[in-house]
Amino acid sequence: MFRHHRLRICLCVLAIASTDLGASEVESAPEAPAVPAERPALPSRSESMAAELARQLPSTEALRLQAEDEAFVALWRPANVAEPKGLVILLPGAGESADWPRGIGPLRRGLPDYGWHTLSVSLPDSPGLLPPATPEPERELPAEEDGPSETPAADSDPQATPNEAGYLPEETATAPNESTSEAVQAEPAPSTEPDQGPQLVERIDGRIDAALAHARALQPGLIVLLGQGTGGYWAARYLQQLAPEDVRHLLLIQPRQPEGQEEPLAQLVPALKLATGDFFYQNGTAARAEARARLNASRRIQHPAYHQVGLPALIDDRESEQQQLLRRVRGWLDKQP
């Protein structure tokens, strides 16, 4: 009996020891490292604006074009005449959408009434996303004459008085959050796209390639490339690098050199030697100086068809300002052979 009692004591001791050992092993086991959850990349500003346009507009107007390995949105408007004059491809500036309420939007919607198809292209964000080239007009004294500028006879507006270069506003802004405040637009959020240097240039060239391919499939006869702000620089650079024979005319609306691009517009634009309409707002000091440099460069090489058009801005009548640019661009186009 005593022997059985000792056996039970030994078994109890062994059970307690094994329990303590298992507990210590559990406590000493290293914890598995926590794996952070991957967050999906936020869309860039240009992607957000393009998606909003595609949501708001009918599928016949908001097209999805393919450039290499990425799709993008382009806005199509057919000419409202029986015999169209041609097709205008519009390139917005940095931070602007394909239906930007100043310049690009009014032109893409207005030119079809005068016989032109329009195709407005969404461009990727530039590194750091420069502010849009459409500042609110500054109230300053009229600038003194800085040199000759040509204004097509299609427009005579005796009430127009010079003022700083705001682009034409539109009562139906289509870019997201544009109705909040124009002051906010001057400080856009940084881009989330990894666009740096050559990658950005290749993506922009690819989108222009795709837009031209779509235009050629429609057989418009005449193709015009129009760029606003930094879009004017990308249009001129594309024509310089590839020189497509079926692009006959270049239109620039307050062109601006993008950050990181070394070749100035004064060397790039006049050297193209194709019919060029260079529109700028007269009483912005920097804009006047840059326009003068482009004009002088065109004179030095005796450019055969470079015409510069100085535009006054009407800060108190935005609807008239909007119509003014449309009339001047249409007048220039109608003068071309």
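Computed from a predicted structure; not experimentally measured.
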Does atom CD (Q66) have a neighbourhood of more than 12 heavy atoms from anything else shown, all under 6.0 Å?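 For Q66, atom CD is crowded (more than 12 foreign heavy atoms under 6.0 Å).
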
CD/Q241: more than 12 non-hydrogen atoms of other groups inside 6.0 Å: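 Atom CD in Q241 is packed in, count exceeds 12.
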
Kindly say whether [Y] contributes a backbone atom to a donor-acceptor pair with the side chain of [X] at under 3.5 angstrom?
X	Y	answer
S122	A98	no
Q257	Q261	yes
T230	A94	yes

Any pair counted as ring-ring contact (aromatic ring centres under 6.0 Å, His included), so long as it reaches residues 217-264, sequence neighbours left out: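 As it turns out, the ring-ring contact (aromatic ring centres under 6.0 Å, His included) pairs with a partner in residues 217-264, which skip direct neighbours, are H249-W332.
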
ring-ring contact (aromatic ring centres under 6.0 Å, His included) partners of residues 62-87, not counting sequence neighbours, each pair once: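 Checked against ring-ring contact (aromatic ring centres under 6.0 Å, His included) - neighbours excluded - the pairs reaching residues 62-87 are W76-H117.
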
For residues [X] and [Y], determine if any side-chain heavy atom of one lies less than 4.5 Å from a side-chain heavy atom of the other.
X	Y	result
K85	L222	no
L311	V309	yes
P112	N80	yes
L225	I223	no
L226	I104	yes
V88	L119	no
L90	L107	yes
E290	L265	no

Restricting to salt bridge (Lys or Arg N to Asp or Glu O under 4.0 Å), what partner residues turn up for R77, sequence neighbours left out?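 E61.
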
Quick one: list whatever passes salt bridge (Lys or Arg N to Asp or Glu O under 4.0 Å) with R294, sequence neighbours left out.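 By the salt bridge (Lys or Arg N to Asp or Glu O under 4.0 Å) rule, R294 matches D278.
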
Full working for side chain to side chain contact (heavy atoms under 4.5 Å, CB included) between L63 and V73: CA-CA 6 Å; L63 308 179; V73 174; over 6 Å; no

Scan side-chain atoms only and decide if [X] and [Y] contain a donor-acceptor pair under the 3.5 Å cut-off.
X	Y	result
Q228	Q254	no
E263	Q240	yes
R292	N296	yes

To the closest 0.5 Å, what do you measure between CG (L91) and CD (E96)?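 The distance works out to 11.0 Å.
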
Nearest 0.5 Å please: distance from the CD atom of E319 over to the CD atom of Q324.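 The CD atom of Q324 is 13.0 Å from CD of E319, to the nearest 0.5 Å.
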
Salt bridge R207-E70, side-chain N to carboxylate O under 4.0 Å: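 Between E70 and R207 there is a salt bridge, with a charged N closer than 4.0 Å to a carboxylate O.
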
Hey, could you give me each pair passing salt bridge (Lys or Arg N to Asp or Glu O under 4.0 Å) that has a residue in residues 216-243? Not counting sequence neighbours.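 Every pair satisfying salt bridge (Lys or Arg N to Asp or Glu O under 4.0 Å) with a residue in residues 216-243: D205-R237, R216-D246.
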
List the residues meeting ring pair (Phe, Tyr, Trp, His ring centres under 6.0 Å) with H214, not counting sequence neighbours, and say none if there are none.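 Counting only residues at least two positions away or on another chain, H214 forms no ring pair (Phe, Tyr, Trp, His ring centres under 6.0 Å).
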
Please lay out, stage by stage, how T276 and V269 fare under the test side chain to side chain contact (heavy atoms under 4.5 Å, CB included). CA-CA 8 Å; T276 302; V269 173; 3.9 Å; yes

